[in-house]
Peer 1: 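Handing you a structure now.
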Number of protein chains: 2
Amino acid sequence: MSRRAGAARERVLAVALKLFARHGVAGTSLQMIADELGVTKAAVYHQFQSKEDIVWAVIAPALDELTRVAEAAEARKRRSDQLGAVLSGVVDLVVSHRRLTAVIRTDPTISALMRERPALRALEARIDRVITGPDPDTETVVSAAMVSSALLAVGMDPRLDGLDDETLRRHLLGIARRLLRLRPLPRSRPGGVPGRDAHPA
Amino acid sequence: MSRRAGAARERVLAVALKLFARHGVAGTSLQMIADELGVTKAAVYHQFQSKEDIVWAVIAPALDELTRVAEAAEARKRRSDQLGAVLSGVVDLVVSHRRLTAVIRTDPTISALMRERPALRALEARIDRVITGPDPDTETVVSAAMVSSALLAVGMDPRLDGLDDETLRRHLLGIARRLLRLRPLPRSRPGGVPGRDAHPA
DNA sequence: GTCTATACGCTGATAGAC
DNA sequence: GTCTATCAGCGTATAGAC
């Protein structure tokens with residue numbers, strides 16, 4: 001993955017994400033992207049070799065961050081700390097990239113693309129395992145599926161558009177923890193609860 | 001909405017849903033549908049006037065059922081009964097049409113189509129109002145958004161494919177109620193008792 | 001970096017034979 | 001109900017000038 005950051009390149013990625021969120025990847029043509037930028041298709045092709053290239057470049061930052069979240073969680077010793085770390089990491093990711101996480105979760109083109117990459121399937125499996133633990137019962141499996149659906153898909157929900165990041169983060173985390181039967185976090189940063197302090201922003 | 005039921009028509013709808021779930025509506029061509037059926041595009045066009053027609057016919061049963069769920073819920077007097085009714089109704093719908101509800105919730109083409117129809121926007125608003133009540137606080141709004149995302153999107157989750165309908169229904173309903181801070185239903189014991197469970201409602 | 005111009009396959013859709 | 005044949009338009013992608 002080449003990730004030089006040119007201004008034109010970043011502009012393409014921004015409008016691509018916006019259009020992917022509105023029309024889906026398959027429903028977004030290079031013509032639409034070019035029109036939105038006020039340039040021609042050829043100008044877009046100067047920045048990216050193919051449409052698939054654009055898709056990967058759009059989602060890469062979130063996948064990278066998700067990888068770091070998994071690593072940070074797995075570095076914890078106790079399972080409850082691992083779970084807390086992955087939840088707060090995913091919530092941070094969702095809040096800071098609302099549309100992007102929703103697109104990644106829901107778009108069929110992106111799902112198909114990711115399914116073809118063993119490294120990404122493995123990443124999903126790692127996150128899963130941290131959430132459910134080894135050998136989960138049915139209730140745990142269903143809870144985990146619901147939490148991941150709920151967190152990743154809410155980013156697109158228009159009813160939450162008006163909420164600022166900090167408010168959304170607090171509620172998402174609280175509700176996700178309740179869904180998974182974790183004890184509520186204290187209101188402000190506590191001494192006794194590890195979770196947020198250790199990993200860099 | 002015309003809804004004559006011919007065998008060929010139903011066959012088209014079945015493979016269309018399957019392909020919509022896998023590739024999205026925009027990613028599914030009439031050629032793909034025809035190929036999957038072993039016929040030509042023209043044969044498909046004999047059953048439906050346009051691709052959009054197929055989409056509406058595919059999602060109509062779920063929308064009709066959702067309308068009935070809203071009506072049944074609104075007929076209840078107490079708010080807690082209304083909420084319970086809408087939750088169990090939506091869970092039934094999700095379980096009996098797993099892929100379909102997920103497609104309706106996540107596909108951008110379908111979202112856009114529905115957004116253009118005032119009747120459907122109104123339906124969504126009614127469901128919303130039953131879930132949150134009038135004048136909800138922020139926590140309630142976020143919970144409602146998470147519940148609806150979680151319930152509607154889990155239908156596509158491959159990790160739940162192996163679960164039979166009754167098991168899935170019981171867990172989804174229990175978890176959804178916990179997420180919304182409703183008391184657990186009498187039938188399932190808190191703590192998740194293994195072994196046999198009560199019969200359906 | 002952006003443009004014009006072009007290649008060519010596939011799209012949704014129609015007409016008319018069987 | 002299904003077929004063959006056909007259409008205009010748009011899709012991704014490329015070549016080469018400025």
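Here is the naming used below: chain letters follow the sequence lines, and residue numbers restart at 1 for every chain.
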Peer 1: Lys51(A) has a side chain; which of dC3(C), dA13(D), dA15(C) sits nearest to it?
Peer 2: dA13(D)

Peer 1: Over how many whole Å does the gap from Ile54(B) atom CD1 to dA13(C) atom C1' extend?
Peer 2: 12 Å

Peer 1: Starting at NE2 of His23(A) and ending at P of dG11(D), how long is that distance when rounded to a whole Å?
Peer 2: 12 Å

Peer 1: Could you go step by step and tell me if Arg105(A) and Thr106(B) meet the side-chain hydrogen bond (donor to acceptor under 3.5 Å, both in side chains) rule?
Peer 2: CA-CA 9 Å; Arg105(A) 176 68 177 195; Thr106(B) 62; over 6 Å; no

Peer 1: Atom CD of Glu10(A) and atom C1' of dG1(C): how far apart are they, to the nearest Å?
Peer 2: 16 Å

Peer 1: Indicate whether the side chain of Thr67(A) and that of Asp64(A) have a donor and an acceptor atom separated by less than 3.5 Å.
Peer 2: no

Peer 1: Between atom CD in Gln31(B) and atom P in dA13(C), what is the gap in whole Å?
Peer 2: 14 Å

Peer 1: Between His46(A) (NE2) and dA13(D) (C1'), how many Å, whole number?
Peer 2: 15 Å

Peer 1: Of all the heavy-atom pairs spanning Ala153(B) and Ala102(B), show the shortest one and how long it is.
Peer 2: O-CB, 4.2 Å

Peer 1: For Ile33(B) and dC10(C), what is the distance between atoms CD1 and P respectively, to the nearest whole Å?
Peer 2: 17 Å

Peer 1: Of the options Val55(B), Asp107(B), Val15(B), which is the one that meets Phe20(B) in a side-chain contact (heavy atoms from CB on, under 4.5 Å)?
Peer 2: Val55(B)

Peer 1: Rounded to whole Å, please give me the gap between OH in Tyr45(A) and P in dG16(D).
Peer 2: 18 Å

Peer 1: Nearest to the Leu30(A) side chain among dA13(D), dT2(C), dA13(C), which nucleotide is it?
Peer 2: dA13(D)

Peer 1: Identify, between Ser29(A) and Gln49(A), the residue whose nearest nucleotide on DNA chain D lies closer to the 5' end.
Peer 2: Ser29(A)

Peer 1: What nucleotide among dG12(C), dT2(C), dT12(D) has an atom nearest to a side-chain atom of Lys41(B)?
Peer 2: dG12(C)

Peer 1: Just compare dT14(C), dT2(C), dG1(D) and give me whichever is closest to any side-chain atom of Ala42(B).
Peer 2: dT14(C)

Peer 1: Does Thr40(B) place a side-chain N or O at less than 4.0 Å from the phosphate oxygens OP1/OP2 of dC3(D)?
Peer 2: yes

Peer 1: Classify the side-chain pair Arg170(A)/Thr138(B) by whether it contains a donor and acceptor separated by less than 3.5 Å.
Peer 2: no

Peer 1: Could you check how far CD of Gln47(B) sits from P of dA13(C), rounded to whole Å?
Peer 2: 15 Å

